[in-house]
Amino acid sequence: MAERTVDSAAPARGAARPVVQAEAALVRHYRRLVRLAYVALPADRDRHSRVLAAHTAVQRALPSRWTRRSDPAAGEDPVYAALRLRVLRDGLRPRPARRLLAPRVWGLRLFTPHGGEQDAALEQALAALDAPARAAFALRVVEGLTAPEAAEVLRHAGVEQVERALDAAAGVGAAEAEADLSAFDACAVRVQPTDLLTRRRKLTAVLLIGVLGLTTSAALLSGTATSTGTGTAPVASTTGPAPAPPVGAAADPARPVRVPADLWQHTARLDFTAWPARGDRREDAALLGRAMTAWERPGPQTRAEPGTDTAPPIAPPRLLYAGTVDGAVVVLLYDGQRLARYTDGRDGGLDLARADDSDVTTAGAVVLHRRGTSVRYLLAPWVEAAETRRIDRPDAPAQPLDHPDGLTPATPGGVLTDCRGATVLQLRSSPVVAEKHAFLLADLGGLVPAHLTYTPPPDRNQPARSPREATGPDALQAWARAGCTAPDGTPGVKQLNLWAFAVQPLPQNAGSASWICLRADRWTGDGSAATAVLLPAAQGAQRTGGGPGRSCSRFEQDTVGWAWWRSPQGTEFLLVAGSRRVTRLTVKGPDWSADRPVPDHTLAVERPARGNVQVEGVLDGGTRIGPQH
């Protein structure tokens, strides 16, 4: 689209008229332009900074002289279209320079109104886009331009890959795109004071530095005069306190989103977004400001679980807790992707953990404080009853656990995979959520305990079974015997499932063995699995193989395992088992082999001595599979 001169034939005395028209258009459309700038600006800064940056971009769009412009879309005000183009160019800069005439606010924090869930989801979706894609979204949704019209504006704004930007903007979900943008109106701001104590300390520090500077200057002048009068140049000695470190800008204490205390009773989305703010310090603006600053400016005291990004929050965080726990002051926040646990004080810091795509079970509890092997949990608001039980004592009754306002007393922890009898949580949801729904959570040393599930042995007359809660007698017995063989017991594991894929009668009437596959799924999407055979009680469990990948998940439901076993009479056997679709098993040794159909999916081969073997299973469709390594 060509550019043409505006008012090029006007006399010199009227040369300022386009600028006057531009000022009138800017004032008339100021709120619309500010909203456009706010949506298009990067989401890697707090709302106070974005509000000021949006107003700066619009106010700077007014030029000192105006001689050229781009043609607008059909029916648009050409002056407004030119202003919009200048605003977009400003927002597309990687990091706009600080400007002398930019709006400034002293002692106050500005933030846009809190929107609903759709606004929060849109904020999160926009945070994942780059600057051109956000600009494309702003033109399409805020301005209402068609795709060709938006493409033309983006080209004039300097965007090189216009189609890619439009495609990325179109990828924002329909639910998010239908948000009413109430949380993006930077002209309808709310105002809160900054951290008053921090401001006072900062002012005191500035005054102290000023007084020290005047004192030092006076001393130096006095020394110079003395040296001039006596002819002796004294050695200058400057002792005293070091200058106070600069104090950072306080974070917006009102920024954390707070949801109604009964939201969990009215929403179909039961995860961390439905947690209300709890704790005796949730109205402490200074504390919340420190917690927000710690997250927005990660430092040496920021600790992240494996696979967790340490970047600032991608959306306005929700406040889940702020209070005192065993003498420690703790703040718990959630930005839709990660949990952030801030512990106040010199020895505190910020702990981050993935917690996206959580549900009624995986969002059932968070570790608020850890001291030695004891932990204190904050439970979900939908948890009606809580108990503890020893994982190695399946027949022992669970012990009731008080949890006023969701906070439990100090509870024995212990990592599940250390085989020393960890204590797990047994929680029961309110009937408002689900009738008679109980589930187990196990502490693995991180912020979020892992959800324990159980898949019972297959029934040849039924389809493959799905994981269920590990609270039944069979599940508890299996976990008691095999829990410590789990392939991964580190922070960041979301779920541990124990799948009993075969039951094998043992030779010489020695009882039966259960073959299991333990799978660990992490919040990052990675996972690992391990097979084990559970022998009669006196002989315990024996791990037989495993490794990373998607084995024993719903995406790879076929597996084979094998193990050496000595009968009570002293005979050596090779035990082999496959999952429900395995119809034939093949075993090869140095000088022997066995290949036969297995209606019950198991095979036992008597051997005089152990040696290297190769094991293979054949599925009902003819596919051959091997054991995990």
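Small disclaimer: the values here were computed from a predicted structure and weren't measured.
- Using a 4.5 Å heavy-atom cutoff, the side chains of Glu387 and Leu401 are not in contact.
- Rounding to the nearest 0.5 Å places CZ of Arg281 at 12.5 Å from CG of Leu319.
- In this structure a side-chain-to-backbone donor-acceptor pair under 3.5 Å is missing from Arg354 to Gly492.
- Here CZ of Phe272 is found 12.5 Å from CG of Leu333. Values are rounded to the nearest 0.5 Å.
- Thr408 places a side-chain N or O within 3.5 Å of a backbone atom of Tyr377 that can act as its donor or acceptor partner.
- Note on Asp326 versus Arg371: no salt bridge recorded, every NZ/NE/NH1/NH2 to OD/OE distance being 4.0 Å or above.
- Taking the six-membered ring for Trp and thresholds of 30 and 60 degrees, Phe439 and His451 have ring planes more than 60 degrees apart, a perpendicular arrangement.
- The side-chain heavy atoms of Val582 and Leu619, taken from C-beta on, include a pair separated by under 4.5 Å.
- Not a single donor-acceptor pair under 3.5 Å links the side chain of Thr362 to the backbone N or O of Val360.
- Proximity of Glu305 to Val448: side-chain heavy atoms (C-beta onward) are nowhere separated by under 4.5 Å.
- A distance of 12.5 Å separates NE2 of His437 from CD of Glu435, quoted to the nearest 0.5 Å.
- Around atom CD of Gln614, no more than 12 heavy atoms belonging to other residues, nucleotides or ligands sit under 6.0 Å away.
- Within 6.0 Å of CZ on Arg303 lie more than 12 heavy atoms contributed by other residues, nucleotides or ligands.
- Ring planes of Trp515 and Phe501: tilted class, angle from 30 to 60°.
- A salt bridge links Asp351 and Arg341; the closest N-O separation between the charged side-chain nitrogens and carboxylate oxygens is under 4.0 Å.
- Between Leu427 and Leu425 the shortest side-chain heavy-atom distance falls below 4.5 Å.
- Residues Ala450 and Leu444 approach most closely at CB-CD1, 3.6 Å, considering heavy atoms.
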*asked:* I'd like to know whether Thr324 forms a side-chain contact (heavy atoms from CB on, under 4.5 Å) with Asp280, so could you lay out the CA-CA distance, the side-chain angles of the two residues, the decisive distance to 0.1 Å, and finally the verdict.
replied: CA-CA 7 Å; Thr324 305; Asp280 58 354; 4.1 Å; yes
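- Residues Val259 and Thr273 are not in side-chain contact: their nearest non-hydrogen atoms beyond the backbone lie 4.5 Å or more apart.
- Looking only at atom types and distance, the side chain of Thr490 has a donor-acceptor partner in the side chain of Arg522 under 3.5 Å away.
- Side-chain atoms of Gln477 and Asp395 include a donor-acceptor pair closer than 3.5 Å.
- Annotation for Leu288 and Arg282: closest pair CD1-O, 3.6 Å, computed over non-hydrogen atoms.
- In Gln569, the CD atom is crowded: over 12 heavy atoms of neighbouring residues, nucleotides or ligands sit closer than 6.0 Å.
- Val493 approaches Trp523 most closely through the heavy-atom pair O-NE1, 3.9 Å.
- Residues Asp620 and Thr583 have side chains that never bring a donor and an acceptor to within less than 3.5 angstrom of each other.
- For the pair Leu447 and Ala353, the tightest heavy-atom approach, listed with the atom from each and the gap, is CB-CB, 4.0 Å.
- Here the CG-OH distance, from Leu440 to Tyr454, works out to 13.0 Å after rounding to the nearest 0.5 Å.
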*asked:* Walk me through whether Tyr342 and Arg290 qualify under side-chain contact (heavy atoms from CB on, under 4.5 Å).
replied: CA-CA 9 Å; Tyr342 170 76; Arg290 292 193 295 274; 3.7 Å; yes
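- Considering only heavy atoms from C-beta on, Val605 stays 4.5 Å or farther from Trp562 through its side chain.
- Each of Tyr321, Trp275, Tyr334 was compared with Val366 under the side-chain contact (heavy atoms from CB on, under 4.5 Å) criterion, and only Trp275 meets it.
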*Can you list the steps and then say if Val576 with Val598 is a side-chain contact (heavy atoms from CB on, under 4.5 Å)?*
CA-CA 10 Å; Val576 189; Val598 284; over 6 Å; no
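- Rounding to the nearest 0.5 Å gives a distance of 11.5 Å between CH2 of Trp295 and OG1 of Thr310.
- When side chains are defined from C-beta on, Pro317 counts as touching Met292, because their heavy atoms get closer than 4.5 Å.
- Between Thr602 and Pro505, the closest heavy-atom pair is OG1-CD, 4.5 Å.
- Residues Val533 and Ala513 share a closest heavy-atom pair of CG2-CB, 3.8 Å.
- A salt bridge links Arg428 to Glu384: one of the charged nitrogens lies within less than 4.0 Å of a carboxylate oxygen.
- Between the CG atom of Leu407 and the CZ atom of Arg278 there is a distance of 9.0 Å, given to the nearest 0.5 Å.
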*Take Trp382 and Val432, measure what side-chain contact (heavy atoms from CB on, under 4.5 Å) needs, and give me the verdict at the end.*
CA-CA 8 Å; Trp382 55 82; Val432 175; over 6 Å; no
